[in-house]
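As the structure is a computational prediction, the values presented were derived from the model and not from experiment.
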Amino acid sequence: SANRINFSEAPNEPKFGGAASRTFIAAKGNTVYIGIVYSASMGESAKVLKALGMDAALNLDQGGSTALWHGGYKAGPGRNIPNAILFVNR
């Protein structure tokens, strides 16, 4: 069987278990979602995405660089960030 993380217990990683803004990219069917789960541990964020019925999800960065931009910052620091995921209309 595949290795799975038990979200009921945080491993010895300080950023894993603490409450923080958790940014994610997730998929449900043919739709891709990006967003932020505020004040959540990694496990709590996973439970939120599972409750929303996501088929797959990837945790992104959290902390000072947490941001969501669409024609201006919707959430985040309002400062330059070193990398980003872009969705572009073709």
Side-chain angles (χ1 to χ4, degrees):
S1 72
N3 292 331
R4 295 179 188 253
I5 297 172
N6 179 353
F7 287 114
S8 64
E9 298 178 15
N12 294 329
E13 172 59 49
K15 290 188 175 186
F16 188 94
S21 296
R22 306 288 176 170
T23 54
F24 66 86
I25 185 168
K28 183 176 181 181
N30 292 327
T31 304
V32 175
Y33 297 87
I34 57 172
I36 303 171
V37 179
Y38 289 100
S39 300
S41 69
M42 186 82 67
E44 291 165 340
S45 178
K47 288 176 184 177
V48 167
L49 295 172
K50 185 174 180 180
L52 292 172
M54 296 300 150
D55 299 320
L58 177 66
N59 179 68
L60 302 173
D61 192 20
Q62 48 271 340
S65 63
T66 298
L68 184 59
W69 191 93
H70 182 266
Y73 280 100
K74 304 302 178 188
R79 62 180 172 89
N80 292 332
I81 53 176
N83 54 53
I85 295 174
L86 303 175
F87 293 88
V88 179
N89 288 327
R90 290 187 175 203

Answer yes or no: does atom NZ of Lys74 have more than 12 heavy-atom neighbours from other residues, nucleotides or ligands under 6.0 Å? yes

Note: Ser45 and Ala40 closest approach over all heavy atoms is N-CB, 4.0 Å

Checking Tyr33 now: which residues fulfil side chain to side chain contact (heavy atoms under 4.5 Å, CB included) with it, not counting sequence neighbours? Phe24, Lys28, Thr31, Met54

If Ile, Leu, Val, Met, Phe, Trp and Tyr residues are connected whenever their side-chain heavy atoms lie under 4.5 Å apart, and connections chain through other members, are Leu68 and Val48 in the same group? no

Does a side-chain heavy-atom distance below 4.5 Å link Val37 with Glu44? no

Going by heavy atoms in the side chains, are Thr23 and Ile34 under 4.5 Å from each other? no

Is Leu49 linked to Ile25 within one hydrophobic cluster, defined over Ile, Leu, Val, Met, Phe, Trp and Tyr using a side-chain heavy-atom separation of less than 4.5 Å? no

